[in-house]
Amino acid sequence: MFFLTGTDEHGIKMLQTATKEGITPRQLLDRTVPRFRELLVRLNCSNDGYIRTTEERHYQSSQAIWERMAKNGDIYLSKYSGWYSVRDEAYYDEEETRVGEGGVRLSPQDTPVEWVEEESYFFKLSAYQDKLIDLYTRVPDFVLPKERLNEVASFVKRGLRDLSISRTTFEWGIPVPGQRQGTNSDANTKHIMYVWVDALTNYITALGFPDTEAENFRRYWPADLHVIGKDIVRFHAVYWPAFLMSAGIDLPRRIFSHGHILSRGEKMSKSVGNVVDPFALADAYGVDQLRYFLLREIQFGQDGNYSHEAIVNRVNADLANDLGNLAQRSLSMIGKQLGGMLPTPGSFSDNDNILLAAADAMVGKAREMMKTQQLNQVLNTVWDVVADANRYFAGEAPWALAKTDPARQGTVLYVTAEVIRQVAILAQPFIPTSAGKLLDLLAVPADERSFATLDGAHRLAPGTTLPTSAGVFPRYVEPET
RNA sequence: GGCGGGGUAGCUCAGUUGGUUAGAGCAGCGGAAUCAUAAUCCGGAGGUCGGGGGUUCAAAUCCCUCCCCCGCUACCA
């Protein structure tokens, strides 16, 4: 796997923000980009590459894809005039705009628009309408969740206009290669790429494009999964595939649109003042706790709600009470009563076999759900087994067996430990640090923590000496006020 | 305005080839247990399945209509 993320750093908004503060765009970026990178580290995200669209390699890559599209006859020089909203980064037809208070003309989003008339390069998006429809039909899960594909398809079916893909009015962007002069244009006109061409191309730059023989490009392209926010589906599911088709490059296999996290049911916004700082959440609840909450509580692809009460409930109930307490009560019993040695099980009872079978079945179900990125369903499946294990543990009452049937007690504790092992291994992608601690407590070697050790093909080794047990999931208690 | 999704227990949701007393988790209530992070287990309770009408022996599920929420999109002006 190659996990990529990065920042799109060109565009007039960046330039204007910097100018307003009296600094250069680069200075602005030097200040803000590190925060994004810190967040990745803080949230313990898998990350094999970070691409910035202002990097030299990306200039070469963007110019190369431009040339490929041009060579394919899909780029032409023309003239664009219309009402442009800097805030929306979009042009509007005059009929779409209206004059607001103080004579300011506004876009449908109520952002100010200004009249712009300039020479521009265009991409023949209109030529790709049928090919895109064909793509959506042929690969029905090219865009997930399904609702998003329907939206995109209906947008394309309505008809596509060619896309303006360059600007001459400012310079914060990647120069258009091989510029020609239009008949009526200023001899000094210099085109830079309009935001989407260079923004989208980042995905292949990061793998070595334009060197299509680069090791990473050959190995990882086309991408299996391309995750974006639902607000930019159109650009990634319409423009990007069209660009790639034009350039003769394979398309990513799937675009997945994630939803938004709402704060108490409301969209977060600076003006409302309900913006939540992810660093603060991680500090308050813990990184794994935050990750678990978001991935379990929210159906991936849908919007979801965040609230203090919800995260505390979820974290205490699922992590501290159900899994954490189960691990603690079983492992500390092994520590105190069995001298810390994982017992050798006797023959398994029906109850043992039923629970083990449920645990063994988890990975298969999880794999099926992961085919369509149903992350919360994976966690539901795993925690169903945690609940089974708690019922089993209460039913078998190993604390009582200590006096009446020590051999049976050992079997019950062994079975419980084995179930915790499988739960922890499957939980690793979601709560990596905590899952790792659980596996440490079970003395599972680093090279035996892969999914290949699940589904009953592998079991904990009896007789292993376990480290002293310790709590892995602390309960969240309200700070003293 | 059009298209799509949704409105089911206090909260988050599951539940269509129509079929017995509508389900789960969390919260709340009662009980058991006391190995454990006052955690766990068991049990009752809790719902006009958005409103109304219709089809049917039978509707959360099918049809009509209305209301509300969300998304995409268009237009009037």
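Computed from a predicted model, the values in this text were never measured in an experiment. Lettering of chains follows the sequences in order, A, B, ..., and the numbering in each one begins at 1.
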Problem - Whole angstrom value for the distance that separates C1' of B/rC72 from NE2 of A/His236 - result: 18 Å
Fill in the blank from the handout: Taken in chain and number order and not counting sequence neighbours, the residues that satisfy side-chain contact (heavy atoms from CB on, under 4.5 Å) with A/Ala397 are A/Trp399, A/Ala400
Problem - Rounded distance (Å) that lies between atom C1' of B/rC72 and atom CD1 of A/Ile232 - result: 16 Å
Practice task
Can you tell me, in whole Å, how much space there is between the C1' of B/rU17 and that of B/rG43?
Solution key: 36 Å
Practice task
Please evaluate the base of B/rA39 for a donor-acceptor partner in the side chain of A/Asn321 within a cut-off of under 3.5 Å?
Solution key: no
Practice task
Tell me, please, which residues at least two apart from A/Asp250 pass salt bridge (charged side-chain N to carboxylate O under 4.0 Å, His left out).
Solution key: none
Exercise for the section: With P as the reference atom in both, quote the distance from B/rC42 to B/rU61 in angstrom, rounded to an integer. Expected result: 33 Å
Handout entry: Any strand: nucleotide that pairs with B/rC41 via Watson-Crick or wobble, under 3.5 Å
Key = B/rG31
Exercise for the section: Let me know the distance between CG of A/Leu319 and P of B/rC26, rounded to the nearest Å. Expected result: 13 Å
Exercise for the section: Take atom P in B/rU55 and the same atom in B/rC41, then report the distance between them in whole Å. Expected result: 49 Å
Exercise for the section: Using a heavy-atom cut-off of under 4.0 Å over every strand shown, decide if A/Val156 touches base, sugar-phosphate, or nothing. Expected result: nothing
Practice task
Figure out the NE2/P separation between A/His260 and B/rC70, and round it to whole Å.
Solution key: 15 Å
Can you pull every protein N or O that's under 3.5 Å from an N or O on nucleotides 31-35 of chain B?
residue : atom : partner  : partner atom : Å
B/rC35  : O2   : A/Arg329 : NE           : 3.3
B/rC35  : N3   : A/Arg329 : NH2          : 2.6
B/rC35  : N4   : A/Arg329 : NH2          : 3.1

Problem - Aromatic centroids of A/Tyr194 and A/His10 separated by under 6.0 Å - result: no
Practice task
On RNA chain B, check which nucleotide each of A/Phe155 and A/Phe473 is closest to and give me the residue with the more 5' one.
Solution key: A/Phe473
Practice task
List for me each residue that meets salt bridge (charged side-chain N to carboxylate O under 4.0 Å, His left out) alongside A/Arg138, sequence neighbours excluded, and say none if there are none.
Solution key: A/Asp134
Fill in the blank from the handout: Applying the 3.5 Å cut-off to both distances, the Watson-Crick or G-U partner of B/rC72 turns out to be B/rG2
Exercise for the section: State the pairing partner of B/rC26; accept Watson-Crick or G-U wobble contacts with both distances under 3.5 Å, and report none otherwise. Expected result: B/rG10
Handout entry: No-hydrogen, no-angle side-chain donor-acceptor test under 3.5 Å, A/Gln302 and A/His260
Key = no
Handout entry: Side-chain donor-acceptor contact under 3.5 Å, A/Ser349 with A/Arg408
Key = yes
Exercise for the section: May I ask you to say what A/Asp318 touches in the nucleic acid, namely base, sugar-phosphate or nothing, with a heavy-atom cut-off under 4.0 Å? Expected result: nothing
Exercise for the section: Take the angle between the ring planes of A/His308 and A/Tyr476 and call it parallel below 30°, perpendicular above 60°, tilted in between. Expected result: perpendicular
Exercise for the section: Would you please classify the geometry between the A/His236 ring and the A/Tyr203 ring as parallel, tilted or perpendicular, with 30° and 60° separating the classes? Expected result: perpendicular
Handout entry: Interatomic distance at P, B/rG1 relative to B/rC13, whole Å
Key = 27 Å
Exercise for the section: State which residue, out of A/Val472, A/Thr468, A/Leu466, fulfils the side-chain contact (heavy atoms from CB on, under 4.5 Å) condition with A/Leu441. Expected result: A/Val472
Practice task
Would you confirm whether the ring centroid of A/Trp383 sits within less than 6.0 angstrom of the ring centroid of A/Tyr292?
Solution key: yes
Practice task
Using whole Å, report how far CG of A/Asp388 lies from C1' of B/rG25.
Solution key: 14 Å
Problem - B/rA27 to B/rA38 separation - P atoms, rounded to the nearest Å - result: 15 Å
Problem - Residues that A/Arg367 engages under salt bridge (charged side-chain N to carboxylate O under 4.0 Å, His left out), provided they are two or more places apart - result: none
Fill in the blank from the handout: Assert: residue with more 5' nearest nucleotide on RNA chain B, out of A/Glu147 and A/Asp322, is A/Glu147
Practice task
Under 4.0 Å between any heavy atoms, over every strand shown, what does A/Asn150 touch: base, sugar-phosphate, or nothing? Just pick one.
Solution key: nothing
Below 3.5 Å is the cut-off: list the nitrogen or oxygen pairs between protein and nucleotides 6-13 of chain B, distance only.
none

Handout entry: Rounded distance (Å) that lies between atom C1' of B/rA39 and atom CG of A/Asn390
Key = 9 Å
Practice task
Side chain of A/Arg475 only, please: which of B/rA36, B/rC26, B/rU37 is the nearest?
Solution key: B/rU37
Exercise for the section: Tell me whether B/rG44 sits syn or anti, counting syn as a glycosidic angle within 90° of 0. Expected result: syn
Practice task
In whole angstrom, give me the gap between the P atoms of B/rG50 and B/rA9.
Solution key: 8 Å
Exercise for the section: Indicate, with a heavy-atom threshold strictly under 4.0 Å, whether A/Arg148 touches base, sugar-phosphate, or nothing. Expected result: sugar-phosphate
Handout entry: A/Gln302 CD - B/rC70 C1' separation (whole Å)
Key = 10 Å
Problem - Same-atom distance (P) from B/rU21 to B/rA45, integer angstrom - result: 16 Å
Handout entry: Partner nucleotide, any strand, of B/rG19 [Watson-Crick/G-U, under 3.5 Å]
Key = B/rC57
Practice task
Step through it carefully: locate the ring centre of A/Phe123, locate the ring centre of A/Tyr76, and say whether they are under 6.0 Å apart.
Solution key: no
Exercise for the section: Among B/rG71, B/rC41, B/rG2, find the nucleotide with the atom closest to the side chain of A/Ala394. Expected result: B/rC41
Completion exercise
In whole angstroms, the gap separating P of B/rA36 from CD1 of A/Ile420 amounts to 15 Å
Handout entry: Span that lies between the P atom of B/rG18 and that of B/rC57, in whole angstrom
Key = 16 Å
